[in-house]
> 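Handing you a structure now.
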Amino acid sequence: MVFSPFAAMIVPVAVALTVGLLGWTYRALKPPPPKICGSPDGPPVTSPRIKLSDGRHLAYREAGVPREEAKYKIVVIHGFGSSKDMNLPASEELVEELRIYFLFFDRSGYGDSDPNPSRSVKSEAYDVQELADKLQIGSKFYVIGISMGAYPVYSCLKYIPHRLAGASLVVPFVNYWWPCLPANLSNDAFSRLLAQDKWSFRVAHYTPWLFYWWMSQKWFPSLSILAGNMAIFSQSDLEILKKWSEAPSVGQEKIQQQGVYESLHRDVMASYGKWEFDPMDLINPFPNNEGSVHIWQGYEDRIIPFQVNRYLSEKLPWIHYHEVPDAGHLLIFESKNCEAVLRELVQR
(Lines give C-alpha, C1' and ligand atoms only; values in the text may rest on other atoms or scores of the structure.)
Protein backbone atom coordinates (compact mmCIF):
# COMPACT_ATOMS: atom_id res chain seq x y z
CA MET A 1 0.00 0.00 0.00
CA VAL A 2 1.34 3.43 -0.95
CA PHE A 3 0.73 6.49 1.23
CA SER A 4 0.82 9.95 -0.27
CA PRO A 5 2.92 12.65 1.40
CA PHE A 6 -0.32 14.50 2.17
CA ALA A 7 -1.80 11.52 4.03
CA ALA A 8 1.43 11.09 5.99
CA MET A 9 1.08 14.65 7.25
CA ILE A 10 -2.47 14.23 8.58
CA VAL A 11 -1.59 12.34 11.78
CA PRO A 12 1.09 14.74 13.11
CA VAL A 13 -1.02 17.78 12.19
CA ALA A 14 -4.04 16.29 13.96
CA VAL A 15 -1.91 15.49 17.02
CA ALA A 16 -0.50 19.02 17.05
CA LEU A 17 -3.96 20.55 16.77
CA THR A 18 -5.31 18.32 19.53
CA VAL A 19 -2.42 19.16 21.86
CA GLY A 20 -2.81 22.85 21.07
CA LEU A 21 -6.55 22.74 21.71
CA LEU A 22 -6.05 20.90 25.02
CA GLY A 23 -3.43 23.45 26.04
CA TRP A 24 -5.72 26.34 25.18
CA THR A 25 -8.61 24.70 27.05
CA TYR A 26 -6.45 24.14 30.13
CA ARG A 27 -5.30 27.77 30.17
CA ALA A 28 -8.85 29.03 29.58
CA LEU A 29 -10.28 27.00 32.45
CA LYS A 30 -7.48 27.49 34.96
CA PRO A 31 -7.68 30.73 36.94
CA PRO A 32 -4.46 32.64 37.55
CA PRO A 33 -2.74 32.18 40.93
CA PRO A 34 -3.76 34.72 43.58
CA LYS A 35 -1.56 37.65 44.47
CA ILE A 36 -1.40 37.08 48.22
CA CYS A 37 -1.07 40.17 50.38
CA GLY A 38 2.40 40.40 51.85
CA SER A 39 3.94 37.94 49.36
CA PRO A 40 6.84 39.06 47.11
CA ASP A 41 4.55 39.54 44.11
CA GLY A 42 1.45 40.57 46.03
CA PRO A 43 0.07 43.84 47.37
CA PRO A 44 1.21 45.08 50.78
CA VAL A 45 -0.76 44.39 53.94
CA THR A 46 -2.38 47.69 54.91
CA SER A 47 -4.95 46.58 57.50
CA PRO A 48 -4.92 44.94 60.91
CA ARG A 49 -5.39 41.17 60.58
CA ILE A 50 -5.88 38.08 62.69
CA LYS A 51 -4.49 34.64 61.90
CA LEU A 52 -6.98 31.78 61.64
CA SER A 53 -6.34 28.21 62.74
CA ASP A 54 -5.75 27.09 59.14
CA GLY A 55 -3.05 29.74 58.68
CA ARG A 56 -5.11 32.22 56.67
CA HIS A 57 -5.43 35.86 57.69
CA LEU A 58 -8.61 37.93 57.96
CA ALA A 59 -8.39 41.72 57.78
CA TYR A 60 -10.75 43.73 59.95
CA ARG A 61 -11.84 47.25 60.89
CA GLU A 62 -13.41 48.41 64.12
CA ALA A 63 -15.87 51.29 64.44
CA GLY A 64 -18.43 52.70 66.86
CA VAL A 65 -17.71 52.83 70.57
CA PRO A 66 -14.64 51.00 71.96
CA ARG A 67 -15.33 47.29 72.32
CA GLU A 68 -14.69 47.30 76.08
CA GLU A 69 -17.34 50.02 76.51
CA ALA A 70 -19.94 48.55 74.13
CA LYS A 71 -23.32 47.22 75.12
CA TYR A 72 -23.92 45.66 71.72
CA LYS A 73 -21.23 44.13 69.51
CA ILE A 74 -22.15 43.66 65.86
CA VAL A 75 -20.17 41.81 63.18
CA VAL A 76 -21.03 43.35 59.80
CA ILE A 77 -20.66 41.06 56.77
CA HIS A 78 -20.23 42.84 53.45
CA GLY A 79 -21.77 41.81 50.16
CA PHE A 80 -20.53 41.03 46.66
CA GLY A 81 -17.83 43.37 45.41
CA SER A 82 -17.60 45.20 48.72
CA SER A 83 -15.25 45.12 51.71
CA LYS A 84 -14.71 46.01 55.36
CA ASP A 85 -14.34 49.64 54.28
CA MET A 86 -18.06 49.99 53.58
CA ASN A 87 -19.81 52.63 55.66
CA LEU A 88 -23.14 52.24 57.41
CA PRO A 89 -24.91 55.63 57.53
CA ALA A 90 -25.90 55.43 61.20
CA SER A 91 -25.59 58.71 63.09
CA GLU A 92 -22.96 59.07 65.79
CA GLU A 93 -25.76 60.01 68.16
CA LEU A 94 -27.51 56.67 67.64
CA VAL A 95 -24.28 54.68 67.95
CA GLU A 96 -23.43 56.48 71.18
CA GLU A 97 -26.96 56.15 72.51
CA LEU A 98 -27.08 52.39 71.94
CA ARG A 99 -23.36 51.88 72.72
CA ILE A 100 -22.70 49.87 69.55
CA TYR A 101 -19.33 48.44 68.57
CA PHE A 102 -18.98 47.42 64.90
CA LEU A 103 -16.57 44.80 63.61
CA PHE A 104 -16.19 44.84 59.83
CA PHE A 105 -13.96 42.35 58.02
CA ASP A 106 -12.87 41.42 54.51
CA ARG A 107 -14.32 38.05 53.61
CA SER A 108 -11.94 35.46 52.15
CA GLY A 109 -10.12 36.70 49.06
CA TYR A 110 -11.44 40.26 49.39
CA GLY A 111 -9.26 43.21 50.31
CA ASP A 112 -6.46 42.20 52.69
CA SER A 113 -7.94 38.80 53.69
CA ASP A 114 -6.23 35.69 52.35
CA PRO A 115 -8.09 33.61 49.77
CA ASN A 116 -9.63 30.32 50.85
CA PRO A 117 -9.34 27.57 48.21
CA SER A 118 -11.83 25.53 50.26
CA ARG A 119 -14.33 28.34 50.61
CA SER A 120 -17.90 27.21 51.23
CA VAL A 121 -21.09 28.30 52.91
CA LYS A 122 -19.97 26.45 56.04
CA SER A 123 -16.49 27.98 56.18
CA GLU A 124 -17.97 31.48 56.35
CA ALA A 125 -19.54 30.84 59.78
CA TYR A 126 -16.32 29.58 61.27
CA ASP A 127 -14.39 32.56 59.90
CA VAL A 128 -16.84 34.81 61.76
CA GLN A 129 -16.50 32.78 64.95
CA GLU A 130 -12.69 32.76 64.90
CA LEU A 131 -12.56 36.48 64.19
CA ALA A 132 -14.85 37.16 67.15
CA ASP A 133 -12.76 34.95 69.42
CA LYS A 134 -9.41 36.39 68.35
CA LEU A 135 -10.66 39.90 69.09
CA GLN A 136 -12.36 38.73 72.29
CA ILE A 137 -15.70 40.40 71.66
CA GLY A 138 -17.53 37.96 73.87
CA SER A 139 -19.33 34.64 73.90
CA LYS A 140 -22.29 36.14 72.01
CA PHE A 141 -22.48 38.78 69.32
CA TYR A 142 -24.84 40.13 66.67
CA VAL A 143 -24.41 39.66 62.92
CA ILE A 144 -25.66 41.75 60.02
CA GLY A 145 -25.23 40.35 56.51
CA ILE A 146 -25.89 42.51 53.47
CA SER A 147 -26.97 41.07 50.10
CA MET A 148 -24.55 38.22 49.31
CA GLY A 149 -23.11 38.77 52.77
CA ALA A 150 -26.32 37.22 54.07
CA TYR A 151 -25.39 33.65 53.12
CA PRO A 152 -22.72 33.72 55.86
CA VAL A 153 -25.52 34.72 58.25
CA TYR A 154 -27.52 31.66 57.18
CA SER A 155 -24.33 29.70 57.86
CA CYS A 156 -24.02 31.24 61.34
CA LEU A 157 -27.65 30.35 62.08
CA LYS A 158 -26.91 26.75 61.07
CA TYR A 159 -23.45 26.12 62.50
CA ILE A 160 -22.87 28.58 65.36
CA PRO A 161 -26.35 29.61 66.59
CA HIS A 162 -25.14 29.39 70.20
CA ARG A 163 -22.77 32.30 69.53
CA LEU A 164 -25.45 34.67 68.27
CA ALA A 165 -27.24 37.38 70.23
CA GLY A 166 -29.26 38.34 67.14
CA ALA A 167 -29.07 38.39 63.35
CA SER A 168 -30.24 40.57 60.47
CA LEU A 169 -30.25 39.56 56.82
CA VAL A 170 -30.56 42.72 54.74
CA VAL A 171 -31.78 42.30 51.12
CA PRO A 172 -30.49 38.74 51.48
CA PHE A 173 -29.14 36.73 48.60
CA VAL A 174 -31.40 33.98 47.20
CA ASN A 175 -30.23 30.59 45.93
CA TYR A 176 -32.80 29.57 43.32
CA TRP A 177 -31.91 25.89 43.82
CA TRP A 178 -32.85 25.69 47.50
CA PRO A 179 -35.07 22.57 47.76
CA CYS A 180 -37.46 24.41 50.08
CA LEU A 181 -38.63 26.76 47.34
CA PRO A 182 -41.75 25.70 45.42
CA ALA A 183 -40.93 25.21 41.74
CA ASN A 184 -43.40 27.86 40.61
CA LEU A 185 -41.91 30.43 42.99
CA SER A 186 -38.25 29.78 42.16
CA ASN A 187 -38.98 29.56 38.42
CA ASP A 188 -40.92 32.81 38.46
CA ALA A 189 -38.24 34.61 40.45
CA PHE A 190 -35.48 33.22 38.25
CA SER A 191 -37.34 34.25 35.09
CA ARG A 192 -37.24 37.88 36.23
CA LEU A 193 -33.44 37.95 36.05
CA LEU A 194 -31.56 39.25 33.05
CA ALA A 195 -30.51 36.45 30.67
CA GLN A 196 -26.82 37.02 31.37
CA ASP A 197 -27.37 36.60 35.10
CA LYS A 198 -29.41 33.44 34.61
CA TRP A 199 -26.59 31.85 32.65
CA SER A 200 -23.94 32.98 35.13
CA PHE A 201 -25.82 31.51 38.07
CA ARG A 202 -26.48 28.28 36.17
CA VAL A 203 -22.79 27.87 35.41
CA ALA A 204 -21.88 28.58 39.04
CA HIS A 205 -24.40 26.00 40.26
CA TYR A 206 -24.04 23.17 37.76
CA THR A 207 -20.48 23.50 36.41
CA PRO A 208 -18.43 25.63 38.82
CA TRP A 209 -15.21 24.37 37.20
CA LEU A 210 -16.28 26.37 34.13
CA PHE A 211 -17.03 29.57 36.03
CA TYR A 212 -13.66 31.28 35.56
CA TRP A 213 -13.85 30.65 31.80
CA TRP A 214 -17.44 31.90 31.68
CA MET A 215 -16.55 35.11 33.48
CA SER A 216 -13.47 35.62 31.29
CA GLN A 217 -14.84 34.82 27.83
CA LYS A 218 -15.96 37.67 25.56
CA TRP A 219 -18.54 35.91 23.36
CA PHE A 220 -21.46 36.14 25.79
CA PRO A 221 -22.21 38.71 28.49
CA SER A 222 -21.72 37.50 32.06
CA LEU A 223 -22.89 39.08 35.33
CA SER A 224 -24.80 42.30 34.74
CA ILE A 225 -23.55 43.96 37.92
CA LEU A 226 -19.94 43.62 36.75
CA ALA A 227 -20.86 44.82 33.27
CA GLY A 228 -22.25 48.04 34.75
CA ASN A 229 -25.83 47.38 33.64
CA MET A 230 -27.84 50.02 35.51
CA ALA A 231 -31.17 48.36 34.64
CA ILE A 232 -30.77 46.18 37.75
CA PHE A 233 -31.12 49.19 40.07
CA SER A 234 -34.30 50.88 41.27
CA GLN A 235 -34.76 54.64 41.29
CA SER A 236 -33.82 54.88 44.97
CA ASP A 237 -30.71 52.79 44.28
CA LEU A 238 -29.68 55.13 41.47
CA GLU A 239 -29.97 58.12 43.79
CA ILE A 240 -27.68 56.45 46.31
CA LEU A 241 -25.20 55.49 43.59
CA LYS A 242 -25.15 59.11 42.41
CA LYS A 243 -24.19 60.25 45.93
CA TRP A 244 -21.45 57.64 46.06
CA SER A 245 -20.03 58.79 42.74
CA GLU A 246 -19.70 62.29 44.13
CA ALA A 247 -17.75 61.07 47.17
CA PRO A 248 -16.12 57.70 46.38
CA SER A 249 -15.51 55.50 49.41
CA VAL A 250 -12.02 54.56 50.51
CA GLY A 251 -10.56 51.13 49.88
CA GLN A 252 -12.36 50.45 46.59
CA GLU A 253 -9.07 49.80 44.82
CA LYS A 254 -8.22 46.97 47.23
CA ILE A 255 -11.38 44.88 46.88
CA GLN A 256 -10.10 42.66 44.04
CA GLN A 257 -6.37 43.20 44.53
CA GLN A 258 -5.64 39.50 45.16
CA GLY A 259 -7.52 38.42 42.06
CA VAL A 260 -11.07 38.60 40.78
CA TYR A 261 -11.33 34.81 40.94
CA GLU A 262 -10.40 34.65 44.62
CA SER A 263 -12.82 37.41 45.61
CA LEU A 264 -15.82 37.69 43.30
CA HIS A 265 -15.84 34.34 41.51
CA ARG A 266 -15.41 32.16 44.60
CA ASP A 267 -18.13 34.18 46.30
CA VAL A 268 -20.64 33.39 43.55
CA MET A 269 -19.62 29.74 43.34
CA ALA A 270 -19.98 29.21 47.10
CA SER A 271 -23.33 30.97 47.36
CA TYR A 272 -24.99 29.52 44.25
CA GLY A 273 -23.46 26.06 44.65
CA LYS A 274 -25.08 23.08 46.35
CA TRP A 275 -25.59 23.77 50.04
CA GLU A 276 -25.12 21.26 52.84
CA PHE A 277 -28.41 22.42 54.34
CA ASP A 278 -31.68 24.04 53.38
CA PRO A 279 -32.97 27.23 55.03
CA MET A 280 -35.96 25.20 56.21
CA ASP A 281 -33.55 23.07 58.26
CA LEU A 282 -32.81 26.06 60.48
CA ILE A 283 -34.10 26.03 64.04
CA ASN A 284 -35.07 29.14 65.97
CA PRO A 285 -31.90 30.05 67.91
CA PHE A 286 -33.93 32.14 70.36
CA PRO A 287 -36.83 29.97 71.58
CA ASN A 288 -37.16 32.08 74.72
CA ASN A 289 -37.06 35.40 72.82
CA GLU A 290 -33.62 36.22 74.18
CA GLY A 291 -32.69 37.48 70.73
CA SER A 292 -34.23 37.93 67.29
CA VAL A 293 -33.66 37.24 63.60
CA HIS A 294 -34.74 39.70 60.90
CA ILE A 295 -35.03 39.87 57.13
CA TRP A 296 -35.13 43.33 55.57
CA GLN A 297 -36.32 43.48 51.98
CA GLY A 298 -36.87 46.39 49.61
CA TYR A 299 -40.11 46.06 47.65
CA GLU A 300 -38.48 47.86 44.70
CA ASP A 301 -35.38 45.62 44.76
CA ARG A 302 -34.62 44.47 41.21
CA ILE A 303 -31.71 42.24 42.23
CA ILE A 304 -33.31 40.14 44.97
CA PRO A 305 -36.96 39.10 44.45
CA PHE A 306 -39.03 40.08 47.47
CA GLN A 307 -41.42 37.18 46.81
CA VAL A 308 -38.80 34.62 47.84
CA ASN A 309 -37.75 36.31 51.07
CA ARG A 310 -41.40 36.92 51.93
CA TYR A 311 -42.07 33.20 51.45
CA LEU A 312 -39.11 32.14 53.62
CA SER A 313 -40.28 34.42 56.41
CA GLU A 314 -43.78 32.97 56.25
CA LYS A 315 -42.40 29.43 56.52
CA LEU A 316 -40.01 30.40 59.33
CA PRO A 317 -42.29 32.56 61.50
CA TRP A 318 -39.55 33.20 64.07
CA ILE A 319 -37.91 35.44 61.47
CA HIS A 320 -39.23 39.01 61.67
CA TYR A 321 -39.88 40.21 58.12
CA HIS A 322 -39.62 43.89 57.20
CA GLU A 323 -40.60 44.91 53.68
CA VAL A 324 -39.75 48.53 52.91
CA PRO A 325 -42.14 49.85 50.21
CA ASP A 326 -39.98 52.52 48.58
CA ALA A 327 -36.56 50.86 48.97
CA GLY A 328 -34.38 49.00 46.51
CA HIS A 329 -31.33 46.80 46.90
CA LEU A 330 -29.25 49.49 48.61
CA LEU A 331 -31.81 49.78 51.38
CA ILE A 332 -29.35 49.87 54.28
CA PHE A 333 -27.39 52.77 52.81
CA GLU A 334 -30.22 55.18 53.56
CA SER A 335 -29.83 56.53 57.09
CA LYS A 336 -33.43 55.99 58.19
CA ASN A 337 -33.36 52.36 57.09
CA CYS A 338 -29.93 51.69 58.53
CA GLU A 339 -30.95 53.02 61.92
CA ALA A 340 -34.18 51.02 61.83
CA VAL A 341 -32.17 47.84 61.13
CA LEU A 342 -29.89 48.54 64.09
CA ARG A 343 -32.67 49.41 66.54
CA GLU A 344 -34.78 46.38 65.64
CA LEU A 345 -31.78 44.06 65.96
CA VAL A 346 -30.53 45.12 69.37
CA GLN A 347 -33.70 46.32 71.07
CA ARG A 348 -36.30 43.72 70.09
Side-chain angles (χ1 to χ4, degrees), residues 29 31 77 79-81 107-109 116-126 145-159 167 169-215 217 220-227 229 232 261 263-283 293 295-298 301-316 319 321 329:
L29 297 179
I77 307 173
F80 182 78
R107 293 195 287 123
S108 298
N116 182 3
S118 302
R119 185 176 186 171
S120 67
V121 173
K122 187 174 185 178
S123 69
E124 297 282 299
Y126 291 108
I146 302 164
S147 189
M148 199 171 281
Y151 82 83
V153 176
Y154 279 121
S155 182
C156 289
L157 289 168
K158 173 64 177 178
Y159 297 111
L169 303 96
V170 182
V171 294
F173 141 93
V174 166
N175 186 318
Y176 300 94
W177 291 272
W178 281 331
C180 66
L181 298 180
N184 63 329
L185 176 62
S186 58
N187 290 339
D188 179 66
F190 194 71
S191 71
R192 296 171 186 269
L193 300 175
L194 296 178
Q196 62 198 90
D197 293 334
K198 293 178 189 175
W199 279 108
S200 296
F201 297 153
R202 286 188 187 112
V203 172
H205 182 76
Y206 292 110
T207 55
W209 53 275
L210 272 177
F211 195 67
Y212 172 73
W213 169 81
W214 174 259
M215 296 297 291
Q217 54 79 32
F220 307 102
S222 54
L223 278 179
S224 58
I225 194 168
L226 296 182
N229 190 332
I232 61 174
Y261 181 79
S263 51
L264 306 185
H265 295 185
R266 284 198 189 277
D267 209 5
V268 175
M269 290 188 294
S271 56
Y272 284 100
K274 295 174 182 176
W275 287 32
E276 296 175 333
F277 66 94
D278 187 278
M280 290 303 157
D281 297 335
L282 298 175
I283 299 172
V293 180
I295 285 180
W296 290 82
Q297 177 65 52
D301 193 338
R302 297 182 184 177
I303 296 176
I304 304 297
F306 71 84
Q307 294 91 340
V308 176
N309 283 322
R310 185 189 284 178
Y311 173 83
L312 291 174
S313 300
E314 290 171 352
K315 293 299 181 180
L316 298 171
I319 295 180
Y321 182 65
H329 192 65

> Give the C-alpha distance, both sets of side-chain angles, the deciding distance and a yes or no for side chain to side chain donor-acceptor pair (under 3.5 Å) between Y159 and E124.
CA-CA 10 Å; Y159 297 111; E124 297 282 299; over 6 Å; no
> Does the side chain of P172 reach to within under 4.5 Å of the side chain of M148, using non-hydrogen atoms?
no
> Measuring only between side-chain heavy atoms, which start at C-beta, is L193 closer than 4.5 Å to F190?
yes
> Any side-chain heavy-atom pair from K158 and W275 closer than 4.5 angstrom?
no
> Could you list the donor-acceptor pairs under 3.5 angstrom formed between side-chain atoms of residues 201-208 and any protein atom two or more places apart in sequence or on another chain?
residue, atom, partner, partner atom, Å
H205, ND1, Y272, O, 2.8
Y206, OH, W177, NE1, 2.9
T207, OG1, V203, O, 3.4

> Might you work through the side chain to side chain donor-acceptor pair (under 3.5 Å) test for W214 and S200, ending with a clear yes or no?
CA-CA 7 Å; W214 174 259; S200 296; 3.0 Å; yes
> Looking at every heavy atom in both F80 and I225, which two are closest together, and how far apart are they?
CE2-CG2, 3.7 Å
> What pairs of residues pass the salt bridge (Lys or Arg N to Asp or Glu O under 4.0 Å) test when at least one of them lies in residues 175-191, not counting sequence neighbours?
D188-R192
> Within a strict 4.5 Å, meaning less than it, do heavy atoms of the R310 and Q297 side chains meet?
no
> Quick one: does W178's side chain get under 4.5 Å of L312's, heavy atoms only?
yes
> What is the minimum heavy-atom distance between F173 and A150, and which atoms define it?
N-CB, 4.2 Å
> Would you check if N116 and S123 make a side-chain contact, meaning some heavy-atom pair closer than 4.5 Å?
yes
> Any ion pair linking D267 and R107 (charged N to carboxylate O, less than 4.0 Å)?
yes
> Can you tell me if N309 uses its side chain to pair, donor with acceptor, with the backbone of F306 under 3.5 Å?
no
> So how far is it from M269 CE to Y261 OH, rounded to the nearest 0.5 Å?
3.5 Å
> Which heavy-atom pair separates S108 from R119 by the least distance, and what is that distance?
O-NH1, 2.8 Å
> Tell me, do L181 and V308 make a side-chain contact under 4.5 Å, heavy atoms counted?
yes
> Would you confirm whether the ring centroid of F277 sits within less than 6.0 angstrom of the ring centroid of Y154?
no
> Any donor and acceptor pair, going by atom type alone, linking the side chain of W213 with main-chain N or O of W209 inside 3.5 Å?
no
> Minimum heavy-atom separation for I303 to D301, with atom names?
N-OD1, 2.8 Å
> I need the S147 OG to I77 CD1 distance, nearest 0.5 Å.
12.5 Å
> Please name the pair of heavy atoms, one in S224 and one in L194, separated by the smallest distance, quoted to 0.1 Å.
CB-CD1, 3.8 Å
> Please confirm whether the backbone N or O of C180 pairs with a side-chain atom of D278, one donor and one acceptor, at under 3.5 Å?
yes
> Could you pull out the closest heavy-atom pair between Q196 and P221, with the gap in Å?
CB-O, 3.5 Å
> How about K315: does its NZ atom have over 12 heavy atoms from other parts shown lying under 6.0 Å from it?
no
> Just wondering, do L223 and N229 contact through their side chains at under 4.5 Å, heavy atoms?
no
